[in-house]
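For clarity, every value in this text was computed on a predicted model and none was experimentally measured.
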Amino acid sequence: MNTHAPKWLDNAIFYEIYPQSFLDTDGDGIGNIRGVTEKLDYIKELGCNAIWLNPCFASPFTDAGYDVADYCRVAERYGTNEDLAALFDAAHQRGMHVILDLVPGHTSVEHPWFKASMQPEKNEMSDRYIWTDSIWESVDCLPCLRGISQRDGSVAVNFFSTQPALNYGFYQPEKPWQQAMDAPGPLATREAMKDVMRFWLQMGCDGFRVDMAGSLVKNDPDGLGTIALWQDFRAFLDKEFPDAAMISEWGEPDKSLLGGFHMDFLLQFGPSHYNDLFRCDEPFFSRRGKGSAKEFIATYNKNVEKTNGKGLICIPSGNHDMDRMARRLDDDEMKIAFAFLLTMPGAPFLYYGDEIGLRHVENLTSVEGGYDRTGARSPMQWTKGLNAGFSSAPCNALYIAQDPNPDRPDVASHMADRTSLWREVQRLIGFRLAHSALQSNGSITFLTDSLPLCYLRRDETETILAVINPAAAPTSVTLDGITPTKLCCTTGASAEADGSTIRIDGATAAFFVV
């Protein structure tokens, strides 16, 4: 099976856009597709060359668009299918790529598939979702809905009660209503999702980030059924769309990459220890110097070993499901965090606003199923003008309330300040793109797992040593057998090498040619 990544992923740097909150061009208080298109030059100037667009399909928005009512129609509030096609075209003209957020695990209760599935009479959608045979029987290990129609049975849901689970079958069926993966119903679901992917890829989409990719096949404790499912999708894509990128929200790279994904996200939950770095009481990247990266590095190395170095592991700055980085780190600390993020293997993902230290807006009432995540989804802050340049709507009509503080960060101010976080992120992206060893496919060898954090990035043309000291106090390290020859980039203060000994100031990241 061909799982070679599309060439454009080699140096891809993604910018995640939550469309509701990026830019409103029609004054209704909600961002839209045209707002994304209008800001492509901004994204390119920052240095990002690819975009991940969160769900923009028709939806009742009980879960911010992750409850899809029509996979092949842009939600009216965002614009039209033509607007999305124009975004694809405009991005391609700038040498950029756009991936969409695919939600294959469930739909909205308002999807026509589900409405047909609820009917008591047998029809082509009866097995599109997971139903028990009796209203009195629940779905094992999954929440369910019952008594919602005249159909006898309970239906499984994922996460919210508005999200009935699509039926891809059970790896180990144990009851009569649990269909095998190769039963007609699960196979029809699989083909329907291929049709959705085909629709957008033919329109110009460059691939998909797949929501909860590891959860599709049920009663699949080792993930073998779900791996086989995605291998079938991989074969379809290799045949029809070999340049389409597939990136999984799975959190287990050994499984997702075996399934044919090109890249796997490290999640804010699960075993990765990703949040030890940025989002805990004592983050590793705090200048207090009390945090630890040991468990993160140990887990990362295990994942690299499991995958034999094949495929890419993504470490995002954040996303719509987790606290803003700025909730725990200030701008100078985030500069050091970005020096790490932008010199790691795999394609970096920057969550919109993280480049200016957009803050987590506290104590907000939940919006569209955001709950505690709502504060990380507030509108982008472009200027010091009305609604920070996000929208011309009255401020009480905005999708989510903005940071009310008068010193809130904005893009215009950051771009005008040569010492700002935005400028440092831009400079670090340029540094990454100038060195092939720092890009997606370069190897990594961690030399230390404490302060200072040291690692080698290599490819066939160069070797670069990273020495990162987030703590306020200066320190030094001796790396036997490694002799840096040239300091090529620093973030923070300064560093110097004397043979194999490196002295580095506090709150500094340094990169040497070896």
Side-chain angles (χ1 to χ4, degrees), residues 66-69 71 102-198 210-237 248-250 252 255-256 258-261:
Y66 283 90
D67 49 329
V68 178
Y71 283 106
L102 184 69
V103 188
H106 51 262
T107 70
S108 164
V109 290
E110 295 187 14
H111 198 293
W113 294 350
F114 187 64
K115 292 181 178 179
S117 185
M118 286 194 296
Q119 299 304 312
E121 300 81 15
K122 187 74 173 177
N123 62 70
E124 64 176 342
M125 298 297 169
S126 295
D127 296 328
R128 183 58 51 89
Y129 299 83
I130 301 170
W131 291 86
T132 67
D133 289 334
S134 167
I135 193 68
W136 311 118
E137 184 175 7
S138 62
V139 180
D140 297 339
C141 300
L142 289 171
C144 63
L145 297 175
R146 59 181 76 190
I148 57 172
S149 74
Q150 297 308 307
R151 176 171 178 170
D152 189 8
S154 303
V155 63
V157 297
N158 289 338
F159 315 114
F160 296 166
S161 59
T162 55
Q163 297 169 321
L166 286 164
N167 181 19
Y168 294 91
F170 287 70
Y171 186 63
Q172 298 173 336
E174 296 174 348
K175 296 184 178 181
W177 53 267
Q178 295 180 351
Q179 299 179 354
M181 291 176 60
D182 59 356
L187 289 178
T189 304
R190 188 185 306 192
E191 294 307 309
M193 200 54 58
K194 289 178 185 177
D195 285 342
V196 170
M197 298 167 73
R198 187 179 286 116
V210 180
D211 180 67
M212 296 305 295
S215 68
L216 301 192
V217 176
K218 307 305 182 186
N219 201 13
D220 184 22
D222 298 318
L224 299 178
T226 305
I227 290 170
L229 174 76
W230 284 114
Q231 287 174 339
D232 179 61
F233 278 95
R234 175 81 268 150
F236 146 67
L237 289 169
S248 61
E249 184 190 33
W250 196 317
E252 296 180 89
K255 295 178 181 178
S256 63
L258 182 60
F261 284 93

Is a side-chain N or O of [X] found less than 3.5 angstrom from the main chain of [Y], in a donor-acceptor match?
X      : Y      : result
Arg151 : Ser117 : yes
Asn219 : Gln172 : yes
Ser149 : Gln119 : no
Tyr129 : Ala156 : no
Asp222 : Leu224 : no

Mind checking the OG-CG spacing from Ser248 to Leu102? Nearest 0.5 Å is all I need. 12.0 Å
Kindly indicate whether the side chain of [X], heavy atoms from C-beta on, has any atom under 4.5 Å from the side chain of [Y].
X      : Y      : answer
Ile148 : Met118 : yes
Gln231 : Leu258 : yes
Thr107 : Tyr71  : yes
Asn158 : Met212 : no
Arg234 : Phe261 : no
Val157 : Cys144 : no
Glu110 : Thr162 : no
Lys175 : Thr132 : no

[X] to [Y] - nearest heavy-atom pair and separation:
X      : Y      : answer
Phe114 : Val109 : CD2-O, 3.4 Å
Trp131 : Ser126 : CD1-O, 3.7 Å
Asp67  : Ser108 : O-CB, 3.5 Å

Do Tyr171 and Met181 pass the side chain to side chain contact (heavy atoms under 4.5 Å, CB included) test, and can you show the C-alpha distance, the side-chain angles, and the key distance before you say yes or no? CA-CA 6 Å; Tyr171 186 63; Met181 291 176 60; 4.0 Å; yes
Check ion pair Lys255-Asp220 (N to O, under 4.0 angstrom): no
Please determine if Glu137 and Arg146 form a salt bridge, counting it only when a charged side-chain N lies under 4.0 Å from a carboxylate O. no
If we count only N and O atoms by modelled type, under 3.5 Å, do the side chains of Trp113 and Thr189 hold a donor and an acceptor together? no
Quick one: ring pair (Phe, Tyr, Trp, His ring centres under 6.0 Å) partners of Phe233, sequence neighbours excluded? Trp230
By ring pair (Phe, Tyr, Trp, His ring centres under 6.0 Å), Trp177 pairs with (sequence neighbours left out) Phe170
Please name the residue in the list Gln179, Gln178, Arg128 that meets the side-chain hydrogen bond (donor to acceptor under 3.5 Å, both in side chains) test with Asn167. Gln179
Which is it for His106 and Phe160 under the ring pair (Phe, Tyr, Trp, His ring centres under 6.0 Å) test, yes or no, and what are the steps along the way? CA-CA 10 Å; His106 51 262; Phe160 296 166; 9.0 Å; no
Begin with the C-alpha distance, continue with both residues' side-chain angles, and end with the deciding distance and a verdict on side chain to side chain contact (heavy atoms under 4.5 Å, CB included) for Tyr168 and Lys218. CA-CA 8 Å; Tyr168 294 91; Lys218 307 305 182 186; over 6 Å; no
How about CD on Glu174, more than 12 heavy atoms from neighbouring residues, nucleotides or ligands closer than 6.0 Å, or not? yes
Once salt bridge (charged side-chain N to carboxylate O under 4.0 Å, His left out) is applied, do any residues pair with Lys194, and if so which ones, sequence neighbours excluded? Glu191, Asp232
